[in-house]
Number of protein chains: 2
Amino acid sequence: MATTILVVEDDAAIRDMLCFSLRHAGFVYEPVADAEQGLQWLGQSKPDLILLDWMLPGIDGIEFIRRLRSNEYIADIPVIMLTAKGESDDLVKGFSVGADDYVNKPFSPPELIARIKALLRRCKPDDSASASGQQLSFAGLDLDTQSHRVTIDGKRIDLGPTEFRLLHFFMKTPERAYSRGQVLDQVWGDTVYIEERTVDVHIRRLRKALEPTGHDRLVQTVRGVGYRFAED
Amino acid sequence: MATTILVVEDDAAIRDMLCFSLRHAGFVYEPVADAEQGLQWLGQSKPDLILLDWMLPGIDGIEFIRRLRSNEYIADIPVIMLTAKGESDDLVKGFSVGADDYVNKPFSPPELIARIKALLRRCKPDDSASASGQQLSFAGLDLDTQSHRVTIDGKRIDLGPTEFRLLHFFMKTPERAYSRGQVLDQVWGDTVYIEERTVDVHIRRLRKALEPTGHDRLVQTVRGVGYRFAED
DNA sequence: ATTAGCTGTTACAAAAATGTAACAATTAAT
DNA sequence: ATTAATTGTTACATTTTTGTAACAGCTAAT
């Protein structure tokens with residue numbers, strides 16, 4: 001869950017300073033000297049945020065953002081641009097192209113870090129918020145995304161975060177079988193690589209939590225394929 | 001439930017930038033290039049807030065607000081004015097005419113969004129809170145916003161300002177889980193950038209204050225998500 | 001100027017959750 | 001029936017998350 005930040009800055013001194021601050025704040029970073037290298041790196045990795053100097057040799061900030069936003073896969077990465085003072089015209093341009101925030105040079109490291117954290121918080125998908133309060137029900141089992149609670153005939157069930165997401169996923173489409181790979185994609189997301197067998201373990205944990213009321217039978221094994229949520 | 005914002009700005013670049021930010025923040029917006037168009041649009045629709053550039057061709061900001069305030073039906077719409085630096089004289093004028101807040105150009109989108117949210121919060125007293133009066137009750141716990149007091153079974157509880165706001169926030173929507181980011185947005189509002197962990201600390205302080213009567217159990221942690229106010 | 005209260009941040013300990021490996025049990029095919 | 005593949009179960013080390021206390025800065029009142 002390490003947060004990675006791409007740093008695009010041609011001035012080596014400033015770049016080093018940025019990296020120092022980022023490292024100190026516990027971020028993982030990737031420093032590059034120009035937009036071209038930045039775009040190239042973006043072809044392989046997806047950072048959580050981009051620090052972008054405005055004045056760059058070759059491809060400049062505007063063009064960089066433009067290309068970034070036009071690539072579906074990485075278009076949603078928030079960008080903070082670094083500007084020298086007296087560039088307020090470019091500032092407006094920058095925002096209209098799609099920068100999310102800016103920091104004036106010279107800036108204090110604490111301020112920069114604060115801006116980064118704030119922007120990350122603002123942009124990261126809030127599952128409880130976006131899920132705008134859904135109530136899923138199946139076979140006497142209720143899952144409420146607002147309160148983040150699961151009840152069986154009114155009785156509360158305790159689930160760990162992953163078990164909750166797992167049940168949520170299955171309850172959205174009962175009767176349908178999923179492979180372990182599909183479950184990993186949907187429930188774990190595009191995090192690091194995880195063993196497929198891990199799904200089995202969490203299925204087990206989910207079943208155990210549902211066991212007291214006998215509802216564990218709803219989580220069914222589809223041999224050679226994966227799992228399914230349904231009534232027998 | 002969608003919040004609509006009228007944008008009155010003649011510079012197309014800035015206007016685009018404003019719209020981009022607003023869309024990004026989940027607002028519905030209506031961009032117009034001058035005051036006349038703005039007033040015309042106001043004849044048909046009533047936005048929740050108006051972003052108003054100060055320097056406009058034709059009817060200027062002052063006159064715009066004047067006309068706005070003189071029309072009973074739309075007089076109560078909050079206005080944020082956008083000013084270039086060195087217009088502090090106009091600033092005074094602006095407030096005396098009836099602007100509610102101002103933002104200096106150039107400004108960062110997060111700042112603007114924060115100001116907008118703050119103003120909306122200030123002007124549109126949050127739903128159930130003051131609508132139903134100023135009395136919130138849950139599980140023997142009473143919170144009175146008028147007297148700014150909290151009592152448990154008639155016994156008074158001492159809370160610091162932030163603890164009070166925190167409890168107030170949670171009591172408005174019991175049973176619902178919030179992420180730390182959401183809590184920060186709602187309870188701290190527009191203030192500067194604050195660590196998410198700070199929420200934990202204040203949760204702790206609130207719990208401690210409620211501890212003597214055992215009501216601290218109402219403040220529940222939802223592991224991996226955030227917090228919730230509810231009975232077990 | 002001094003003080004007391006409030007607040008945000010940080011460090012560290014405790015608790016919970018997670019991924020993985022190992023092994024047992026079950027199933028399906030030969 | 002034997003075997004190989006698949007799945008269930010458990011234990012355990014690691015990582016992540018949370019609770020708590022301590023600290024320093026700030027504010028408002030005296």
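Computed from a prediction, not measured in an experiment: that's the story for all the values here. Values below: every heavy atom of this structure, side chains too, minus hydrogens, waters and symmetry copies. Residue numbers begin at 1 in each chain, while the letters A, B, ... track the order of the sequences.
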**Q** Judged by modelled atom types alone, do B/Y29 and B/R23 share a side-chain donor-acceptor pair under 3.5 Å?
**A**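 Yes.
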**Q** Start at the 5' end of DNA chain C and walk down; is the nucleotide closest to A/H202 or to B/R165 reached first?
**A**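 Final value for this comparison: B/R165.
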**Q** Could you check whether the rings of B/F20 and B/H24 sit parallel, tilted or perpendicular, using 30° and 60° as the cut-offs?
**A**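 Because their plane-to-plane angle is under 30°, the rings of B/F20 and B/H24 count as parallel.
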**Q** Ignoring hydrogens and angles, state whether a donor on the side chain of B/T162 or B/R165 is under 3.5 Å from an acceptor on the partner side chain.
**A**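 B/T162 vs B/R165: donor-acceptor pair found between side chains.
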**Q** Could you tell me the separation between the CD atom of A/E195 and the P atom of D/dT6, rounded to a whole number of Å?
**A**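 After rounding, the reported distance stands at 15 Å.
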**Q** B/L159 or A/K117: which one's nearest nucleotide on DNA chain C is closer to the 5' end?
**A**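 Looking at the nearest nucleotide for each, B/L159 comes out on the 5' side.
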**Q** So, A/F229 versus A/F138, ring centres under 6.0 angstrom or not?
**A**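 Ring centres of A/F138 and A/F229 closer than 6.0 Å.
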**Q** Is there a side-chain polar atom (N or O) of A/T162 under 4.0 Å from OP1 or OP2 of C/dT18?
**A**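 Indeed, a polar side-chain atom of A/T162 lies that close.
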**Q** Residues from residues 206-218 of chain B sitting under 4.0 Å of DNA chain D, heavy atoms only?
**A**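 The stretch gives B/R207, B/K208 as the residues lying under 4.0 Å from the strand, ordered by number.
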**Q** Does B/T198 have a side-chain nitrogen or oxygen under 4.0 Å from the phosphate oxygens OP1 or OP2 of C/dT9?
**A**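 For B/T198, the contact criterion (side-chain N or O under 4.0 Å from OP1 or OP2 of C/dT9) is met.
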**Q** Answer yes or no: does a side-chain N or O of A/R204 lie under 4.0 Å from OP1 or OP2 of D/dT9?
**A**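 For D/dT9, OP1/OP2 do have a side-chain N/O of A/R204 under 4.0 Å.
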**Q** Measure distances between side-chain N and O atoms of B/R205 and base N and O atoms of C/dG5, and say whether any donor-acceptor pair falls under 3.5 Å.
**A**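 Absent.
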**Q** Rounding to a whole Å, what distance do you find between B/I203:CD1 and C/dG8:P?
**A**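 That distance rounds to 13 Å.
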**Q** Just to be sure I understand the rule, does A/V222 reach a base, reach only the sugar-phosphate, or reach nothing, if contact means heavy atoms closer than 4.0 Å?
**A**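 Sugar-phosphate, no base atom in range.
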**Q** Tell me every residue that passes salt bridge (Lys or Arg N to Asp or Glu O under 4.0 Å) with A/D200, counting only those two or more places apart in sequence or in another chain.
**A**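 Partners of A/D200 by the salt bridge (Lys or Arg N to Asp or Glu O under 4.0 Å) criterion, ordered by chain and then number, come out as A/R180, A/R197.
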**Q** Using a cut-off of strictly less than 4.0 Å, decide whether A/W188 has a side-chain nitrogen or oxygen near OP1 or OP2 of C/dG19.
**A**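 Answer is yes, contact under 4.0 Å.
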**Q** Taking atom C1' of D/dT7 as reference, at what distance in whole Å does atom CD of A/Q220 sit?
**A**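 Computing the A/Q220:CD to D/dT7:C1' distance gives 15 Å.
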**Q** Is there side-chain contact between B/I80 and B/Y102, with at least one heavy-atom pair below 4.5 Å?
**A**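 Heavy-atom side-chain distance check fails, nothing below 4.5 Å.
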**Q** Where the side chain of A/R180 is defined as all heavy atoms beyond and including C-beta, which of C/dT20, C/dT7, D/dT7 is the nearest nucleotide?
**A**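 Of all the options, the side chain of A/R180 is nearest to D/dT7.
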**Q** Tell me: CD of A/E196 to P of C/dT20, nearest whole Å?
**A**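 The answer, rounded to whole Å, is 12 Å.
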**Q** What is the separation between atom CG on A/D200 and atom P on C/dC23, rounded to the nearest whole Å?
**A**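 Nearest whole value for this atom pair: 18 Å.
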**Q** State whether a side-chain donor-acceptor pair under 3.5 Å links A/D48 with A/T3.
**A**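 No pair is found: no donor N or O on one side chain lies under 3.5 Å from an acceptor on the other.
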**Q** Any side-chain N or O of A/Y227 below 4.0 angstrom from OP1/OP2 of D/dG8?
**A**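 It does, given that an N or O in the side chain of A/Y227 lies less than 4.0 Å from OP1 or OP2 of D/dG8.
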**Q** What does the list of N/O pairs under 3.5 Å between the protein and nucleotides 12-15 of chain C look like, with a distance for each?
**A**
none

**Q** Is the shortest side-chain heavy-atom distance between A/K117 and B/E195 below 4.5 Å?
**A**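 Yes, their side chains come closer than 4.5 Å.
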**Q** Calculate the interatomic distance between A/F164 atom CZ and C/dA17 atom P; express it in whole Å.
**A**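 The answer, rounded to whole Å, is 14 Å.
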**Q** Decide whether B/T173 and B/Y178 meet the rule of one side-chain donor and one side-chain acceptor closer than 3.5 Å.
**A**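 Distance-only check passes for B/T173 and B/Y178.
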**Q** Which word best sums up how the rings of B/H202 and B/W188 line up, parallel for under 30°, tilted for 30 to 60°, or perpendicular for over 60°?
**A**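 It falls in the perpendicular class, over 60°.
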